[in-house]
Amino acid sequence: MLVTSVDGRPQVKVIDFGVAKATNRRLTEQTFITSFLQVVGTPLYMSPEQANSTGQDIDTRTDVYSLGVLLYVLLTGCTPFDRRRMKQAAFEEVCRIIREEEPARPSLRLSSLDDTLPTVAAMRNIEPKRLAASLSGDLDWIVMKALEKDRDRRYASASAFADDIGRYLLDEPVEASPPSRTYRLRKYTRRNRKTILATAMVVLALLTGLGLHTRELEQLNFQLEESVKGLNLSLAEEDRLREIANQSEREARGLQYVSDMTLAGRAVRSGDSRLVSELLGRHVPKKGAADYRGIEWHVLHRRYSRSTSILATMGYPLYYLAFSPDGETMAVAGGADSVVLMDADTGEIHSTIVTGHGEVNGVEFSKDGSMLATAGDDGAVRIWYTRNGEPKWSAAGHDGESYVAQILQDESVVVSCGTDSVLRMWDAETGTPAGEYEYHSNTIESFVVSPDETLLHSIGADDMSLLFDIRQRAPIAGSRIQHAKHPTGVAFAPDGGFFAICGVDRMIRLVDTRTHRFKNSTAREPLQSIALSPDGRLLATGGRGGSIDVWSVTHPEPDASADSLGARVTGDFICRRRWLRQGPDLQSHKDSARLFLPGLLPIFVDTENPAENGELVVRISAAWRLRGWKIARC
């Protein structure tokens, strides 16, 4: 790439983004190729796949990497990897650095340029302190997305790269975003596998030694207690020592109590119900023990009880929650190879179905409640009898993971989706394939079916949402919607006249199923889940930061908000929504409403009549619990 002057103005000219090399003979029209399994390229601009020497195909994403290096240089005045280090290192070490080491973000790299930062800033007509701040955020992530080691995570083309830079210049949301903690942890584990294994062995050895040492201490304590018993202490001396010990214990307990109540007060204000529960629970006296709690404990507990309730606690993270048609049974699934069936009001466990999925990503009841459909990490789709937990049939399902499976009894089929971007149908009786439809270019993360089972709306990781005619087995013309960032939740109105979509772009769209016209509203943060009340007048959304908002469909403005969930809504799974009538645990609140959230993702449950006392009860499962909040309605 060259920059020249044309009529006194700088002009960029692209010579060649690719790399070619003639080997063993003169360059002719038959030798315009690069030798197989040779590493060719300028190291400072070379992509990881060029440095791999495995014969991996080189495509336009390699050029995107080189463009990312060029943008890095334009922003910071230096290349991602230190030029002197790369020059001094051996060739194999250079290739290893390119393949394995992560370059610093541009804003962090500037902070290390102590000597040259003033010069770099002066060339860009900006103060040194403001230069790093101007790069932090969107520009950092645009550059780092172009420099991803995994080329599948880079921009697909130079034009996509340019479009994101254009969005930044227009102050629009950019496609690039920080990598998730799970992704960074996975990369770190692969890169440091030997070190982590060695550390684990050392920790295991330390724990073993600590166990042996603890046993020795217990033996010494026992011997000490026996020695104390043998001492001929006077009653006065023994009472004095006991009083000293009790006084020390009271002081320590008092200090711990003050500290915990201070933290609990902050947790109540920040909405961290998990921490509030833990701190208050430490000071609940055991049966027969003295109660040292003060009025502050009861005040905090009353505030906490108004905002949250716990239905059940599981031993693993919860991803999915479904209710039987009569509303009496709840199916809970998540980070375990089982589906737990429990009472929807008391949390009492009725039975457990071991699925064989590894982890269960989705579970749905049939219309009559006699069967369950499950989907999981093994990509399979399975149907179970709810009466005895016996399997009806199992199908190989999807390449990769399966996310949602639902029984459509009107059509006598089972519909499923997963990571292979294919919507699949199965005969509900036999499990034989009944059709497969590929209208998304990437993972289908979720779908919902209209109340009359004639329409299906799917959302995918390709930033597309699509309305599908179940009877015609085809998408409806003009129903495809392109989103700025991928949609995460969708819900049908009870009459099927419209549906609502939310997504990472914070947009809420209400779409007419006949005209496909829609109106937009903007939430305060990226959204994960959405649901509509039975009368179609209220809309509920769950945000990735933990917020819960209730909106009016007629005038899309928030009507009410719940406290924070106390944990980030991860967005790893998209959940279906079901509405449920009042349960016996709410008899004191006539016509009260309940809002359910499975895993860290909301499911909203309401009744047709609003609560007379103006309260909306919220239940969620977060941090392995089914927990809930009450929120005031306008």
Side-chain angles (χ1 to χ4, degrees), residues 320-325 327 362-369 371 373 375 381 403-417 423-426 428 434-437 439-440 444-460 464-481 483 487-503 508-519 529-541 551 553 574-581 596 602-606 608:
Y320 210 95
L321 184 64
F323 295 92
S324 61
V363 57
E364 288 287 352
F365 282 94
S366 61
K367 264 189 175 181
D368 59 6
M371 290 181 290
V381 174
Y403 286 158
V404 180
Q406 185 171 355
I407 303 170
L408 307 183
Q409 290 188 231
D410 289 350
E411 294 292 318
S412 298
V413 296
V414 175
V415 185
S416 65
C417 70
L423 188 69
R424 300 183 185 274
M425 291 189 179
W426 318 85
E436 56 182 51
Y437 310 92
Y439 299 105
H440 286 273
I444 301 177
E445 295 184 329
S446 183
F447 66 80
V448 293
V449 176
S450 62
D452 60 2
E453 294 191 351
T454 61
L455 300 175
L456 178 149
H457 194 284
S458 60
I459 54 178
M464 302 296 297
S465 62
L466 179 68
L467 197 60
F468 185 87
D469 189 313
I470 296 176
R471 293 174 179 172
Q472 298 296 326
R473 302 290 199 267
I476 297 176
S479 68
R480 187 184 297 269
I481 300 177
H483 300 264
T488 54
V490 59
F492 269 102
D495 62 0
F498 70 94
F499 55 90
I501 312 174
C502 69
I508 302 170
R509 292 177 173 85
L510 302 180
V511 186
D512 190 289
T513 54
R514 294 171 294 276
T515 66
H516 313 309
R517 294 179 180 177
F518 57 85
K519 58 182 178 180
S529 295
I530 194 167
L532 286 156
S533 62
D535 57 11
R537 293 181 300 173
L538 291 180
L539 179 81
T541 58
W551 310 67
V553 171
I574 307 301
C575 296
R576 297 262 354 278
R577 288 98 192 146
R578 285 193 180 278
W579 295 88
L580 195 66
R581 62 175 180 269
F596 282 82
I603 283 185
F604 300 93
V605 182
D606 203 345
E608 294 184 0

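Here the structure is a predicted model, which is why all the values come from computation and not from measurement.
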Got a second to check how far Lys367's NZ is from Ile407's CD1, nearest 0.5 Å?
12.0 Å

May I ask you to test the Phe468-Tyr439 pair for a side-chain heavy-atom distance under 4.5 Å?
yes

Phe498 and Val553: side-chain contact (heavy atoms from CB on, under 4.5 Å), yes or no, with the steps?
CA-CA 11 Å; Phe498 70 94; Val553 171; 4.0 Å; yes

Parallel, tilted or perpendicular, as decided by the 30° and 60° cut-offs, for the rings of His457 and Phe492:
perpendicular

Please report the shortest heavy-atom distance between Ser416 and Trp426, naming the atom on each side.
OG-NE1, 3.0 Å

What do the steps show when you test Leu467 against Phe499 for side-chain contact (heavy atoms from CB on, under 4.5 Å), and what is the final call?
CA-CA 10 Å; Leu467 197 60; Phe499 55 90; 4.0 Å; yes

Shortest non-hydrogen contact from Pro494 toward Pro451:
O-CG, 3.1 Å

If you measure from CZ on Arg471 to CG on Leu408, what distance do you get to the nearest 0.5 Å?
11.0 Å

Non-hydrogen atoms of Gly460 and Pro487 that approach each other most closely
O-CD, 3.9 Å

Does the Thr513 side chain pair with the main chain of Gly497, one donor and one acceptor, at a distance under 3.5 Å?
yes

Mind listing the closest non-hydrogen atom pair of Val490 and Val448 along with its distance?
O-CG1, 3.4 Å

Counting only N and O atoms by type, is there a donor-acceptor contact under 3.5 Å from the side chain of Ser366 to the main-chain atoms of Met371?
yes

For the atom pair CD1 (Ile481) and CD1 (Ile459), what is the distance rounded to the nearest 0.5 Å?
11.5 Å

Between Ser529 and Thr488, does the side-chain contact (heavy atoms from CB on, under 4.5 Å) criterion hold? Intermediate values first, please.
CA-CA 6 Å; Ser529 295; Thr488 54; over 6 Å; no

Is there side-chain contact between Ser479 and Leu466, with heavy atoms separated by less than 4.5 Å?
yes

Validation row: Gln406, Leu456 side chains within 4.5 angstrom (heavy atoms)
no

Considering all heavy atoms of both residues, which atom of Ile530 and which atom of Gly489 are nearest to each other, and what is their separation?
CG2-C, 3.5 Å

So Leu423 and Val415, side-chain contact (heavy atoms from CB on, under 4.5 Å) or not? Walk me through it.
CA-CA 7 Å; Leu423 188 69; Val415 185; 3.7 Å; yes

Out of curiosity, Ile444 CD1 to Met464 CE, how far, rounded to the nearest 0.5 Å?
12.0 Å

Could you pull out the closest heavy-atom pair between Val414 and Ala428, with the gap in Å?
CG2-CA, 4.1 Å

Atom SG in Cys417, atom NE2 in His440: separation rounded to 0.5 Å?
9.0 Å

Do Ser465 and His483 have side chains that get closer than 4.5 Å, going by heavy atoms?
yes

For the CG atom of Leu455 and the CD atom of Gln472, what is their distance to the nearest 0.5 Å?
11.0 Å

